[in-house]
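As the structure lists them, so they are numbered: ligands from 1, and atoms in each ligand from 1.
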Amino acid sequence: MVVRVIPVDDFDLVIFGATGDLARRKILPGLYRRFLAGQMPSSARIIGAARSDLTEQQFRDETRAAIDEFAPGIDTSQLEAFLAELHYVAIDAKGTGGWEKLKEIMRPGVVRAFYFSVAPSLFGDLAQRLSDYGIADGESRIVVEKPFGRDLESARALNDVLARHFAERQIYRIDHYLGKETVQNLMAVRFANILFEPLWNAQYVDHVQITVAETVGVGGRGGYYDQSGAMRDMVQNHLMQLLCLIAMEPPYHFDPNAVRDEKLKVIRALEPVSEAEIVRGQYQAENGTQGYLDDAENPDSRTESFVALKVRISNWRWQGTPFYLRTGKKLRARTSEIVITFREPPHSIFDESSQKPNQLVIKLQPDEGMILTVMIKEPGPGGMRLMQVPLDMSFADAVGPEGVDMPDAYERLIMDVIRGNQTLFMRGDEVEAAWAWADPIIKSWEAGKARPEPYDPGSSGPEEALRLMHRDNRRWREIRA
Ligand code: NAP
């Protein structure tokens with residue numbers, strides 16, 4: 001099957017922070033991939049903006065180098081045509097230079113989008129100047145990157161500063177987890193099939209696990225990370241979004257606000273988490289590798305590089321079904337997955353101890369796909385013995401083995417911005433509700449003296465995280481690639 005590409009309307013996309021890491025690694029290579037796929041109209045333009053005094057040619061050369069580095073092996077047959085669509089304006093978000101020039105080169109009558117790929121402290125300045133210089137209008141869109149605040153108060157302040165110049169329908173808060181194929185497939189599986197939805201509740205689901213494990217440490221960005229930690233960096237946004245998609249009620253329509261209304265209800269129904277149901281960890285030094293404290297260059301740091309917690313959702317559907325979340329650095333494998341463990345049949349007719357519960361495993365990383373485990377009879381003679389087998393649906397197999405060019409999360413999300421579809425972006429009230437839930441947990445850590453539990457690099461995290469589930473007679477699915 002060939003992936004269908006539906007071209008978007010003509011647009012001018014301004015990338016503030018076009019010389020930065022995110023633009024070089026994700027945004028510019030992603031846009032080239034969409035250009036190659038024929039999704040970008042040939043007249044669409046990308047305008048880089050940053051303080052660096054680059055000529056247009058220098059910006060094109062830097063973009064060529066970025067694509068070379070971050071999209072190695074990509075078909076370069078259309079690279080020159082793509083680079084010709086690029087423009088550059090030297091602009092200081094806090095100054096006056098460059099804004100008139102930007103205004104002049106923007107075309108009337110096409111979609112205008114502004115990607116704020118800069119530190120959040122500049123969001124207010126950019127929004128203010130876009131509006132003062134009359135560059136953005138009521139139809140323009142702005143894209144803002146994470147982190148969206150570091151607590152409820154700062155998230156509210158960011159929302160307020162953007163709301164002074166843009167309506168909520170113009171603001172696209174990116175969480176790239178929501179741009180993953182499988183995440184959207186989760187909604188298709190839940191709401192386009194009759195099969196799962198009747199079982200999707202506390203009566204049939206024993207528990208849910210969400211794991212986002214990384215093998216890398218924080219080396220290189222230890223100073224930044226140390227101000228944040230796993231709860232702020234991962235749980236409040238990515239894991240929370242995944243939890244919402246699993247737990248939410250069916251929206252009345254696949255419409256941005258209907259979907260986000262349902263997600264918001266889930267976040268508001270989260271119970272406060274007690275200290276006893278959270279485990280924090282920090283990876284240790286081992287065999288010449290640096291531990292977290294060395295990477296963070298802060299021997300007294302109490303910031304967590306790992307967190308596991310048990311979350312309860314206080315509503316009819318999920319009363320009695322806990323959600324276990326865990327995420328961490330320097331773990332055994334790089335993997336992101338959601339596991340729905342169903343309850344066992346109420347009565348077994350087989351004289352067997354090998355009965356295992358059905359599990360639906362939704363894999364987001366490194367490969368996207370879903371596995372449903374089912375019990376079958378072990379083949380062959382020798383009586384009625386049961387075994388568990390996976391029904392495996394990796395998307396590459398399902399939609400055609402070759403030539404399938406799935407857009408990566410950033411590409412898909414940028415195209416959604418141009419289309420004006422906010423379904424996969426976080427709404428301001430959602431972000432604030434997630435902070436309102438996470439804040440008391442973080443504040444109690446900051447007020448206390450307890451240190452995170454040490455764990456070995458390459459492990460599954462601290463022993464205590466295993467016990468968090470063992471206490472409930474449950475087990476984490478093994479972390480494996
Ligand atoms: P970065 O590498 O530090 O780049 C920052 C960019 O902002 C540069 O292009 C810089 O260019 C520009 N800039 C700085 N001050 C400016 C000013 N006063 N006016 C105009 N431009 C200015 O940062 P990054 O890693 O790309 O991250 C950008 C944003 O994305 C941040 O909010 C970050 O939290 C978020 N993010 C990044 C990643 C990632 O993987 N990198 C992932 C998720 C989220 P000049 O110095 O030339 O002005």
**Leu122 contact mode with ligand 1 (heavy-atom cut-off under 4.0 Å)** = side chain
**Asked** Judged by non-hydrogen atoms, does Arg25 sit under 4.0 Å from ligand 1?
**Response** yes
**Item:** Arg334 versus Thr215, side-chain donor and acceptor atoms under 3.5 Å
**Value:** no
**Message:** Walk me through whether Lys263 and Glu430 qualify under salt bridge (charged side-chain N to carboxylate O under 4.0 Å, His left out).
**Reply:** CA-CA 7 Å; Lys263 282 162 52 194; Glu430 251 183 276; 3.2 Å; yes
**Message:** Suppose we measure from atom 35 (C) of ligand 1 to each protein heavy atom; which comes out shortest, and what is that distance?
**Reply:** Lys146 O, 3.3 Å
**Prompt:** Please state which protein non-hydrogen atom is closest to atom 43 (C) of ligand 1 and give its distance, to 0.1 Å?
**Reply:** Glu145 OE1, 3.7 Å
**Taking atom 12 (C) of ligand 1 as the reference point, the nearest protein heavy atom with its distance** = Gly17 CA, 3.8 Å
**Message:** Would you say Glu145 and Tyr115 are linked by a side-chain donor-acceptor pair, where the criterion is simply a distance under 3.5 Å?
**Reply:** yes
**Asked** Short question: side chain of Arg280, backbone of Arg302 - any donor-acceptor pair under 3.5 Å?
**Response** yes
**Prompt:** What do you think, any protein heavy atom under 4.0 angstrom from atom 4 (O) of ligand 1?
**Reply:** yes
**Fill in**
The protein heavy atom nearest to atom 20 (C) of ligand 1 is Ile91 O, 3.4 Å
**Asked** For the residue pair Leu309 and Ile278, what are the closest heavy atoms and their distance?
**Response** CB-CG1, 4.1 Å
**Request:** List the closest protein heavy-atom neighbour of atom 42 (C) of ligand 1: residue, atom name, distance to the nearest 0.1 Å.
**Result:** Leu22 CD1, 3.9 Å
**Prompt:** Cut-off 3.5 Å, side chains only: do Tyr292 and Asp226 have a donor facing an acceptor?
**Reply:** yes
**Request:** Pick whichever of Gly48, Gly98, Ala93, Ser117 has a heavy atom sitting closest to atom 19 (N) of ligand 1.
**Result:** Ala93
**Message:** Tell me whether Ala50 has any N or O atom under 3.5 angstrom from an N or O of ligand 1.
**Reply:** no
**Request:** Examine distances only and state if a side-chain atom of Ser305 and a backbone atom of Tyr283 form a donor-acceptor pair shorter than 3.5 Å.
**Result:** yes
**Prompt:** What protein heavy atom sits nearest atom 47 (O) of ligand 1, and how far off is it?
**Reply:** Ser52 OG, 2.4 Å
**Request:** For atom 23 (O) of ligand 1, grab the closest protein heavy atom and report residue, atom and distance to one decimal in Å.
**Result:** Asp21 N, 4.4 Å
**Complete:** The closest protein heavy-atom partner of atom 45 (P) of ligand 1 is Arg51 N, 3.6 Å
**Prompt:** Relative to atom 29 (C) of ligand 1, which among Ile15, Val144, Val118, Asp53 owns the nearest non-hydrogen atom?
**Reply:** Val118
**Request:** Look at the side chain of Gln170 and the backbone N and O of Gly138, then say whether any donor-acceptor pair between them is shorter than 3.5 Å.
**Result:** yes
